2 protein chains.
Amino acid sequence: MEGSQPKSQVKPRAASLTRDPERTRAAILRAATAEITAKGLTGARVDAIAARAGVNKRMLYHYFGDKQGLYLAVLEHTYAAIRAAEIGLNLTELDAAAGMRRLVLFTWQYFIDHPEFLSLLATENMNRAAYLKTSKQIRTLHAPLVGMIEVLLKRGAAEKVFRAGIDPIELYISIAALGFFYMSNRHTLSTIFGENLSAPERLARRGEHIVEVILAFLKPTKS
Amino acid sequence: MEGSQPKSQVKPRAASLTRDPERTRAAILRAATAEITAKGLTGARVDAIAARAGVNKRMLYHYFGDKQGLYLAVLEHTYAAIRAAEIGLNLTELDAAAGMRRLVLFTWQYFIDHPEFLSLLATENMNRAAYLKTSKQIRTLHAPLVGMIEVLLKRGAAEKVFRAGIDPIELYISIAALGFFYMSNRHTLSTIFGENLSAPERLARRGEHIVEVILAFLKPTKS
DNA sequence: CTGCATAGTAACCGTATAGTTACTTAACCG
DNA sequence: CGGTTAAGTAACTATACGGTTACTATGCAG
């Protein structure tokens with residue numbers, strides 16, 4: 001352990017000193033995501049991002065132009081990540097109700113696992129979606145869950161286990177809302193109610209609650 | 001209109017030049033609320049707040065200590081306002097289902113009318129509720145809607161129009177979530193879906209959707 | 001009617017911050 | 001292998017920003 005290896009000193013510090021644009025770019029993006037989602041766009045400091053990434057500040061400007069360009073890259077990267085995860089969801093083997101349950105729980109779990117996505121959306125909505133509107137990339141990334149919901153609704157209606165005439169976008173918003181609000185506002189809610197809403201058992205309970213609410217809404221009225 | 005009144009010139013400019021601590025304080029608070037809810041705490045500029053309020057910047061420090069003190073005052077004032085509105089809600093004359101409908105629509109309408117409340121909560125959650133936790137005032141301001149929901153749930157269960165065993169806090173969070181998320185994320189959602197979610201008819205439709213979702217969840221299962 | 005506390009003004013200040021300049025060094029291509 | 005391009009560094013800069021200093025004016029208590 002304490003011995004030095006005089007033999008193979010060809011590139012002892014190569015891994016960290018060798019130039020590697022992709023790694024540097026990725027490190028900046030990671031650091032920026034952490035800093036911006038923790039402090040917001042205006043609260044984030046470019047010096048802090050550079051320090052966190054372990055790169056010279058100049059590199060942020062080299063790769064991303066300016067702070068706003070970096071923010072846009074973070075936004076696009078984060079949206080691309082959730083879209084990719086959504087596309088990985090396969091519901092074809094399940095019946096309509098089980099498929100809907102899986103879709104709802106998938107969404108809920110994604111929010112639990114990716115608080116940075118919630119923070120970033122909050123930040124971008126404070127900006128009135130100004131950056132999102134400029135991103136052609138994100139606007140071509142259609143939300144696949146809406147399409148999946150549409151299919152489930154049709155199948156469910158055919159199987160007579162769901163009501164007909166439900167708007168998939170309205171439903172998608174509700175599924176997202178029930179999880180998003182709980183997670184994104186967990187700090188104020190926990191304070192107001194004097195309960196720790198982030199406790200694992202509380203999160204599991206919330207997931208079941210959301211499923212119940214959505215399935216109750218979809219259930220045909222026996223009249 | 002154009003004539004001057006030479007008679008009563010005792011205090012011609014009195015209203016704007018006379019000292020008036022309460023009015024000045026209120027003007028600062030109003031301006032700070034607008035600036036902070038538009039830009040966030042870190043994005044808000046004390047010079048902008050002073051200019052908007054039409055007062056000397058020094059006065060912000062005179063009345064509120066520093067920027068953080070001003071933010072806390074905005075937070076407390078905004079929470080006090082919603083609590084006051086909630087207390088004004090009277091559901092005693094309605095049956096359980098009608099009462100629940102009114103409570104849900106009241107919450108929804110409050111979010112529509114008070115976007116500053118939504119922005120401020122988003123900002124405070126980015127702060128991980130750090131300021132809320134320091135405010136004894138807000139923490140003594142219990143959410144009255146939870147109590148009202150509890151009463152409605154009991155009455156509804158007795159009338160056999162609601163299921164039994166529903167947690168009022170979980171339900172409160174869901175009622176808030178279905179409206180809050182839609183409004184607070186309306187900019188990104190409108191962009192993604194290419195629809196204007198802020199259109200009045202869309203808001204009305206959303207209100208009815210939320211009522212439907214909540215009442216379906218409360219409905220007893222005929223099994 | 002005066003003097004003292006408080007409301008209010010204007011100019012100022014230190015520093016934090018986004019962004020730049022001027023330069024060096026590695027890598028790759030012909 | 002040499003030279004052009006891109007990756008990377010260090011030091012710097014202009015300014016925006018939160019906060020302060022030093023002062024003036026008002027109004028009310030005694």
Side-chain angles (χ1 to χ4, degrees), chain A residues 9-36 38-75 123 127 130-131, chain B residues 9-36 38-75 123 127 130-131:
Chain A
Q9 265 185 353
V10 188
K11 284 183 174 181
R13 304 174 313 190
S16 59
L17 288 188
T18 297
R19 294 183 171 187
D20 188 342
E22 276 189 38
R23 192 191 44 192
T24 301
R25 214 191 116 96
I28 293 170
L29 203 57
R30 263 177 55 87
T33 302
E35 176 79 4
I36 290 172
K39 314 250 182 84
L41 175 55
T42 54
R45 298 292 160 237
V46 292
D47 289 289
I49 294 170
R52 203 193 275 248
V55 306
N56 189 285
K57 177 167 60 157
R58 184 68 235 286
M59 291 294 97
L60 313 204
Y61 297 94
H62 184 62
Y63 288 105
F64 299 99
D66 58 11
K67 193 186 182 186
Q68 299 194 3
L70 181 51
Y71 171 71
L72 186 59
V74 167
L75 195 62
T123 295
N127 296 332
Y131 294 89
Chain B
Q9 265 185 350
V10 189
K11 286 180 174 182
R13 305 174 314 191
S16 59
L17 289 188
T18 298
R19 293 184 171 189
D20 188 341
E22 277 189 37
R23 190 191 46 192
T24 300
R25 215 191 115 96
I28 294 170
L29 203 57
R30 265 176 55 88
T33 302
E35 176 79 3
I36 291 172
K39 313 249 183 85
L41 175 54
T42 54
R45 297 295 161 233
V46 294
D47 290 289
I49 294 170
R52 203 193 275 249
V55 306
N56 190 284
K57 178 166 61 155
R58 183 72 234 288
M59 291 295 96
L60 314 202
Y61 297 92
H62 184 62
Y63 287 104
F64 299 99
D66 58 11
K67 193 187 182 187
Q68 300 194 2
L70 180 51
Y71 171 71
L72 186 59
V74 166
L75 195 62
T123 294
N127 296 331
Y131 294 88

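First the proteins, then the strands, lettered A, B, ... as listed; each starts at 1. Values below: every heavy atom of this structure, side chains too, minus hydrogens, waters and symmetry copies. These numbers were taken from a predicted model, which means no experiment stands behind them.
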Practice prompt. Check whether any side-chain heavy atom of A:Lys67 lies under 4.5 Å from a side-chain heavy atom of A:Leu60, and answer yes or no.
Written response: no
Item to complete: Using whole Å, report how far OH of A:Tyr61 lies from C1' of C:dC23.
Response: 19 Å
Item to complete: Would you mind reporting whether B:Asn127 and B:Tyr71 have side-chain heavy atoms less than 4.5 Å apart?
Response: yes
Practice prompt. Take atom CZ of B:Arg23 and atom C1' of C:dA7, then tell me their distance rounded to the nearest Å.
Written response: 11 Å
Worksheet entry | For the student: nearest non-hydrogen atoms of A:Leu72 and A:Tyr131, plus distance | CD1-O, 3.6 Å
Discussion item. Working to the nearest 0.5 angstrom, can you tell me the gap between A:Leu70 CG and A:Asp66 CG?
Written reply: 9.0 Å
Practice prompt. Considering just the side-chain nitrogens and oxygens of B:Arg19, establish if one lies under 4.0 Å of OP1 or OP2 belonging to D:dG27.
Written response: no
Discussion item. Closer than 4.0 angstrom, basic N to acidic O: yes or no for B:Glu35 and B:Arg52?
Written reply: yes
Fill in: Interatomic spacing from CD1 in A:Ile36 to OG1 in A:Thr42 - rounded to 0.5 Å
10.5 Å
Worksheet, complete the sentence: When rounded to the nearest 0.5 Å, the distance separating CD of B:Glu22 from OH of B:Tyr63 is 9.5 Å
Worksheet, complete the sentence: dist B:Lys39:NZ -> B:Ile49:CD1 (nearest 0.5 Å) comes out at 9.0 Å
Worksheet item: In whole angstroms, how far is the C1' atom of C:dG8 from the CG atom of B:Leu60?
Response: 12 Å
Worksheet entry | Between D:dC17 (C1') and B:Glu35 (CD): distance, integer Å | 13 Å
Practice prompt. Could you give me the CA-CA distance, side-chain angles and deciding distance for A:His62 and A:Thr24, then say whether side-chain contact (heavy atoms from CB on, under 4.5 Å) is met?
Written response: CA-CA 11 Å; A:His62 184 62; A:Thr24 301; over 6 Å; no
Fill in: N/O (side chain, A:Thr24) to phosphate O (OP1/OP2, D:dA7) under 4.0 Å
no
Worksheet item: How long is the gap from CZ on B:Arg25 to CZ on B:Phe64, to the nearest 0.5 Å?
Response: 4.0 Å
Return the polar atom pairs (N/O with N/O) between nucleotides 11-15 of chain C and the protein under 3.5 Å, or none.
none

Practice prompt. Kindly state which residues belonging to residues 46-54 of chain A come within less than 4.0 angstrom of DNA chain C, counting heavy atoms of the residue only, listed by number.
Written response: A:Val46
Worksheet item: Say you draw a straight line from OH of B:Tyr61 to CG of B:Asn56; how long is it, rounded to the nearest 0.5 Å?
Response: 11.0 Å
Worksheet item: A:Thr18 side chain: which of C:dT9, D:dA7, C:dA27 is closest?
Response: C:dA27
Fill in: A:Asp20 CG to C:dT25 C1', straight-line distance once rounded to whole Å
16 Å
Discussion item. Near DNA chain D, counting only heavy atoms under 4.0 Å, which residues of residues 62-74 of chain A show up?
Written reply: A:His62, A:Tyr63
